[in-house]
Amino acid sequence: MLIIGSHVGYKKDSGLVGSVKEALSYNANTFMFYTGAPQNTVRSSIDLDNVKEAYKLMEENNINKDNVIVHAPYIINLANSDESKFNFSCNFLSEELKRVNTFGMKYLVLHPGSHVGLGVDEGISNIVKALNLVLSKDDSNVMILLETMAGKGSEVGRTFEELKRIIDGVSKKERIGICLDTCHLNDAGYDLNNFDDVLDEFDKLIGIDKIKCIHINDSKNTLSSHKDRHENIGKGTIGLDTLIKVINNPILKDVPKILETPYIDGVAPYKEEIALIKKNTHI
Ligand code: FE
Ligand code: FE
Ligand code: ZN
C-alpha cells in the first residue's frame, strides 16, 4: 500500500492531535513533524493525554504510528568540533530521542551535519563520535535516519560513501538508518532518471533495508547543483514521471513517502500533490 504524507505543523496548543488532523485534511496516511520550530530549540513538555487522543485518531484513520516520522531541528550539527557547539548538539539530540520515544514514534530524521571548513574527514569523525556518545546513553529503540544531503556549503552526507563511513563508525548500527530525499539526491548528482542504478549503488554500499523514509520533493535546480531548493511535485527539474517511478518502485513499497514541497501563496500544496501522486501510482 502507498504510504504517503507530508510535513505537518506541531503546535503547543493542539499538540499531536493537531498534527494528525492536518495530515488527515490532506488525505494522508502518514506524516512528519518537528517537535517544535525546526530552527530553534524551544520545546514544550509533551501532553500525554493529547498524545493518547492523537493515537486514537490515528487508529480510527488507519495511520500506523510506525510510519510516522519526526525530524530533528537543523540547529543540531554533530560535525562541528567546537566544544560548546558539539556538546550542545549532542545534548539536544539526546533530548530529542527521548521526546520521540515519549511520543511513541520509531524514527528521527537527522541531517548528518556541516563540517564548517574542517573538511569531510574531520566532519565524519565528529559525527561518529557524537552518535556513539549519544547512543551509548540512550536506551530507547528510536532509530536515527541520516538524511542524504544536497552538498550545500560544507554539508556532510552528500554521497552514499560518506553516509557509509558514518555508519561504519557507529557501534550501535541497528540504531542508524537512512532517509533518502529526492531533491537532495538530484542536487547531489544522483540522476533519478536511472533510479534503479542509484538504488543498486546504495544497496552495494549501505543496503536497501536501511532506507526507512523517503522525502519526495521536486528540485528547483539541475543535477549536481548542490543547492537544496525544493520545488512542487512535477514543477521542477526532476519531473512528475521520475518521481512517480521512485514512488512506484516495488522494493520501497513499505517505506513512508513524505512531501516537503513549498507552500504556494501561503497555502499547503499537500492535498493536491497527494491526490496527484495517488492518481499516478499503483502500489
Ligand atoms: Fe531534512
Ligand atoms: Fe528532506
Ligand atoms: Zn532539503
Side-chain angles (χ1 to χ4, degrees), residues 3-10 19 28 30-41 67-79 89 92-93 96-97 100 105 107-114 127 131 142-160 162-163 166 176-190 192 198 202 210-233 235-238 242-243 246-247 252 255-263 268-270 273-274 277:
I3 305 161
I4 185 108
S6 71
H7 157 72
V8 298
Y10 174 85
S19 306
T30 188
F31 60 95
M32 179 177 83
F33 68 105
Y34 291 81
T35 62
Q39 65 278 16
N40 71 38
T41 55
N67 292 326
V68 175
I69 311 288
V70 183
H71 198 309
Y74 313 138
I75 205 157
I76 295 177
N77 183 8
L78 305 181
S89 293
F92 197 81
L93 180 58
E96 191 76 347
L97 283 171
V100 177
M105 309 307 178
Y107 299 120
L108 176 67
V109 170
L110 175 74
H111 295 180
S114 293
I127 294 166
L131 289 172
V142 175
M143 201 172 189
I144 295 174
L145 306 184
L146 301 172
E147 184 166 355
T148 61
M149 302 310 291
K152 188 178 64 179
S154 64
E155 278 173 353
V156 179
R158 178 176 62 84
T159 65
F160 300 156
E162 288 177 11
L163 294 166
I166 297 171
I176 306 287
I178 297 286
C179 170
L180 300 180
D181 183 309
T182 54
C183 168
H184 299 177
L185 285 172
N186 174 80
D187 292 16
Y190 291 102
L192 298 177
V198 173
F202 184 93
K210 281 284 188 197
I211 303 172
K212 304 297 183 189
C213 177
I214 308 181
H215 290 165
I216 304 288
N217 303 303
D218 215 323
S219 174
K220 284 194 197 294
N221 293 286
T222 50
L223 188 71
S224 306
S225 60
H226 309 313
K227 285 283 200 332
D228 188 7
R229 292 193 62 210
H230 302 186
E231 180 55 284
N232 292 102
I233 302 302
K235 306 271 171 63
T237 58
I238 302 173
T242 301
L243 289 172
V246 171
I247 297 167
L252 302 170
V255 177
K257 320 282 188 313
I258 303 287
L259 301 166
E260 304 173 295
T261 50
Y263 276 40
Y270 306 127
E273 291 186 343
I274 287 172
I277 287 167

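Note that ligands are numbered from 1 as they come in the structure, with each ligand's atoms numbered from 1 the same way.
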Legend entry - Option from Tyr34, Phe33, Tyr263, Tyr270 for which ring pair (Phe, Tyr, Trp, His ring centres under 6.0 Å) with His7 holds: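 That would be Tyr34.
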Can you give me the closest heavy-atom contact between [X] and [Y], atom names plus distance?
X: Leu78; Y: Ser89; value: CD2-CB, 3.8 Å
X: Thr237; Y: Asp218; value: N-OD1, 3.4 Å
X: Pro256; Y: Lys212; value: CD-O, 3.3 Å

Inset, instruction - Kindly assign one of parallel, tilted or perpendicular to the pair Phe202 and Phe160, based on the angle between their ring planes and the thresholds 30° and 60°. - result: perpendicular
Legend entry - Any side-chain heavy-atom pair of Asn232 and Pro262 under 4.5 Å: yes
Inset, instruction - State yes or no: are the ring centers of His184 and Tyr190 separated by less than 6.0 Å? - result: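 So the answer is no for these two rings.
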Inset, instruction - With the Zn ion (ligand 3) as the centre, enumerate protein N/O/S atoms below 2.8 Å in chain and residue order. - result: His184 NE2, Asp228 OD1, His230 NE2
Inset, instruction - For Lys235, look at atom NZ and say whether over 12 heavy atoms of other residues, nucleotides or ligands are found less than 6.0 Å away. - result: no
Inset, instruction - Return the set of protein N, O or S atoms whose distance to the Fe ion (ligand 2) is under 2.8 Å, each given as residue and atom. - result: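 Sorted hits: Glu147 OE2, Asp181 OD2, His215 ND1, Glu260 OE1.
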Inset, instruction - Would you kindly say whether His230 and Asp228 are connected by a side-chain donor-acceptor distance under 3.5 Å? - result: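 Yes, side-chain donor-acceptor contact under 3.5 Å.
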